[in-house]
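Read through the structure below, which is laid out as structure tokens, and then see the notes.
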Amino acid sequence: MPSSRAKIMLTLVCAAALVAALALAVRPLPAQSAEGDDGAVELTIYNSDLALVRERRALEIPAGTSTVLFRDISARINPATVSFTSLTSPSKVRVREQNYEYDLVEDAKLLNKFIGERITIVTRGGEVYQGYLLSGARGASSGTIVLSAGPDGTGEVTTVHSGDIQSVKYPSLPEGLITRPTLAWLVTNSSETTSHECLVTYLTGGLSWSTDYVAVIGPKDDTLDLTGWVTVTNESGTTFRDAKLKLVAGDVNRMADELGAGDVLYAMRSVAEADAKSFEEKAFFEYHLYTLQFPTTLKESQVKQIELLSAASVPVKKVLIYDGARDDTKVKVELEFLNRESDGLGIPLPKGVIRVSKEDTDGSLEFIGEDRIDHTPKDEKIRIQLGSAFDVVGSRIETGRKHIGDKVREESYKIEVKNHKEEPVEVHVRERFSWWLPWEIVTASASYTKVDAGTIEFSPTIKPGGTATITYTVRYTR
């Protein structure tokens with residue numbers, strides 16, 4: 001059996017194969033249709049509108065050379081990534097040419113295909129017109145369809161406004177138009193069997209996933225209940241039934257415009273029932289892989305949600321931060337917790353949005369803020385920003401500046417943080433300095449912590465109705 005790497009390599013469609021196919025001049029047998037009702041589907045979906053589809057189907061492939069039609073594929077398929085293998089006779093079945101047929105049946109296309117042919121038009125008022133189509137622009141607000149009684153514009157000519165048309169009758173479906181996207185293969189079968197189990201893989205757009213987290217913070221703001229939901233969106237143009245689903249979390253490099261944009265469909269929401277352990281997580285290359293433990297059906301134009309995790313009473317700390325150089329008077333409110341097993345978590349968390357609520361005294365949940373987290377390994381700290389404190393405000397002013405020679409200057413600041421709450425609060429006051437000039441704190445009215453090469457942090461505890469005043473002087477040298 002070919003390796004996984006070989007199955008996804010872009011080996012099927014290449015110039016040499018096409019030239020060889022044209023040179024054979026073999027008369028193909030009638031097309032054989034390959035439907036997707038009896039196959040097994042595996043989907044590996046990435047964060048960035050990309051999925052790898054692996055599908056097994058039982059196909060009837062006549063001996064010799066024939067055309068096989070492979071239907072029920074994604075409308076967003078990248079044809080250059082298709083790989084076909086007969087698992088029954090890998091060395092005896094060869095695809096010599098591939099065509100991706102995507103010219104779907106549409107009203108305007110039918111009109112263009114039938115110019116010069118005889119059609120029948122029925123208006124909303126019940127009038128019936130028959131004639132040879134000379135031109136048409138159905139769908140445009142000012143469009144008209146022009147018919148002649150005889151071929152090539154001979155005889156009486158009739159125009160019908162497109163807005164008055166109830167229906168158009170055509171004698172048949174013209175060659176070249178299909179009802180759904182199809183791969184057409186020119187296949188040579190030199191084996192002794194015509195029944196083959198085949199594996200087809202391809203990359204496609206239109207499939208994506210994201211993670212949403214719902215958190216409910218406890219009454220004392222020191223614990224939270226966290227639930228993670230995987231949201232899978234299928235805008236590929238086809239349905240994948242009973243699929244084995246894998247999700248890859250990580251930043252996978254891709255070439256720009258690798259896949260066609262396609263049409264975005266309106267989605268309808270479907271919430272899947274969740275198991276206690278819906279997904280199994282493991283490291284995969286430099287990414288993380290989440291495998292759903294039961295098959296699922298992704299319907300066309302559907303949004304499906306499946307539970308990823310659930311943790312209760314995760315210890316959390318509410319942090320108030322005043323960054324006066326950036327936020328003027330606002331004191332930001334953040335929640336901080338650890339992604340560790342002892343706190344009920346401890347699995348790599350995919351990036352996503354965390355929405356936080358808190359229970360009111362009447363028992364209702366009220367939304368208090370949301371933030372986005374990046375991919376977070378286990379045992380790492382997570383900090384989410386919810387908004388600004390209403391009853392805690394700050395102010396920051398520069399109180400002095402002087403130059404000591406040509407290469408040294410000093411700046412002095414005064415910071416005040418007022419607590420209008422009825423309980424004491426701790427506020428982390430951040431001050432930022434130049435990253436490209438050496439600096440040192442000359443004097444400070446309170447102790448501080450150096451956070452990084454350009455930041456220090458004061459952490460005063462302010463009593464109810466009280467004010468914390470901090471002054472300091474910083475010296476820059478160049």
Side-chain angles (χ1 to χ4, degrees), residues 45-49 208-235 247 249-251 266-279 281 288 290 292 302-321 323 327 330-341 343-392 428:
I45 305 179
Y46 301 81
N47 291 121
S48 52
D49 189 29
S208 60
W209 73 283
S210 61
T211 313
D212 294 278
Y213 300 93
V214 178
V216 179
I217 194 168
K220 296 182 179 179
D221 299 340
D222 57 354
T223 62
L224 61 79
D225 297 335
L226 183 66
T227 304
W229 291 91
V230 165
T231 301
V232 183
T233 303
N234 181 11
E235 297 173 344
L247 309 174
D251 300 320
Y266 290 102
M268 60 184 182
R269 185 181 182 91
S270 172
V271 178
E273 294 184 3
D275 189 82
K277 187 181 179 183
S278 298
F279 286 92
E281 180 275 333
H288 281 271
Y290 301 81
L292 187 63
Q302 183 185 61
V303 175
K304 180 184 291 287
Q305 288 192 306
I306 308 168
E307 186 182 77
L308 174 66
L309 62 91
S310 181
S313 300
V314 177
V316 66
K317 180 181 180 181
K318 181 171 68 174
V319 181
L320 300 181
I321 297 174
D323 192 344
D327 295 320
K330 297 292 186 181
V331 175
K332 299 297 185 183
V333 182
E334 296 184 353
L335 292 181
E336 181 182 286
F337 60 96
L338 287 172
N339 179 22
R340 60 187 179 187
E341 187 174 357
D343 291 344
L345 296 173
I347 67 169
L349 298 180
K351 65 181 180 182
V353 175
I354 296 184
R355 297 174 175 87
V356 184
S357 299
K358 183 173 180 176
E359 186 173 332
D360 196 3
T361 53
D362 62 1
S364 63
L365 286 178
E366 303 297 341
F367 176 70
I368 58 174
E370 65 181 13
D371 199 4
R372 183 178 299 274
I373 66 169
D374 203 350
H375 299 300
T376 305
K378 66 177 182 177
D379 299 325
E380 287 293 318
K381 182 184 295 184
I382 298 174
R383 181 173 281 185
I384 56 177
Q385 182 174 299
L386 299 183
S388 300
F390 189 95
D391 293 318
V392 183
H428 297 265

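We count residues from 1, following the sequence as given.
- Atoms CG and NZ, on L386 and K332 in that order, are 11.0 Å from each other to the nearest 0.5 Å.
- Looking at heavy atoms from C-beta onward, L335 lies out of side-chain contact with V319 at the 4.5 angstrom threshold.
- Annotation: side chain of V232 is in contact with side chain of I45 (closest heavy-atom distance under 4.5 Å).
- The OG1 atom of T233 sits 9.5 Å away from the CG atom of D49 when rounded to the nearest 0.5 Å.
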L309/L345 under side chain to side chain contact (heavy atoms under 4.5 Å, CB included): CA gap, chis, key distance, verdict:
CA-CA 8 Å; L309 62 91; L345 296 173; 4.2 Å; yes

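- Atom CZ of F367 sits in a crowded spot, with more than 12 heavy atoms from other residues, nucleotides or ligands closer than 6.0 Å.
- With 3.5 Å as the limit, one finds no donor-acceptor pair spanning the side chains of N339 and T376.
- For Q385 against D371, the heavy-atom pair with the smallest separation is N-OD2, 2.8 Å.
- Shown here is R372, whose CZ atom has no more than 12 heavy atoms of other residues, nucleotides or ligands within 6.0 Å.
- Minimum interatomic distance between L308 and Y213 (heavy atoms only, all atoms of both residues): CD2-OH, 4.5 Å.
- Smallest separation of non-hydrogen atoms from E307 and F279: O-CD1, 3.6 Å.
- Annotation: side chain of S210 is in contact with side chain of D212 (closest heavy-atom distance under 4.5 Å).
- When all heavy atoms of H375 and P350 are compared, the closest pair comes out as ND1-CA, 3.6 Å.
- I373 places a side-chain heavy atom less than 4.5 Å from the side chain of I384.
- Contact check for L338 versus I382: no side-chain heavy atoms found under the 4.5 Å cut-off.
- L365 pairs in a side chain to side chain contact (heavy atoms under 4.5 Å, CB included) with only one of the listed residues (V216, V214, D360), which is V216.
- Side-chain atoms of P348 and Y290, non-hydrogen and from C-beta on, do get closer than 4.5 Å to each other.
- Looking at L320 and V333, their side chains come closer than 4.5 Å, going by heavy atoms from C-beta outward.
- Note that the CG atom of D379 and the CD atom of E341 stand 8.5 Å from one another [nearest 0.5 Å].
- Taking the side chain as every heavy atom from C-beta outward, I347 and L349 approach each other to under 4.5 Å.
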Under 3.5 Å, which donor-acceptor pairs do the side chains of residues 219-227 form with other protein atoms, sequence neighbours left out?
| unit_1 | atom_1 | unit_2 | atom_2 | d |
| --- | --- | --- | --- | --- |
| D221 | OD1 | K358 | NZ | 2.7 |
| D221 | OD2 | K318 | NZ | 3.0 |
| D225 | OD1 | S313 | N | 2.8 |

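- Between K381 and E336 there is a salt bridge, since a side-chain N of the basic residue sits under 4.0 Å from a carboxylate O of the acidic one.
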Tell me, with the steps shown, if I321 and E334 meet side chain to side chain contact (heavy atoms under 4.5 Å, CB included).
CA-CA 8 Å; I321 297 174; E334 296 184 353; 3.3 Å; yes

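- With 3.5 Å as the limit, one finds a donor-acceptor pair spanning the side chains of E366 and S364.
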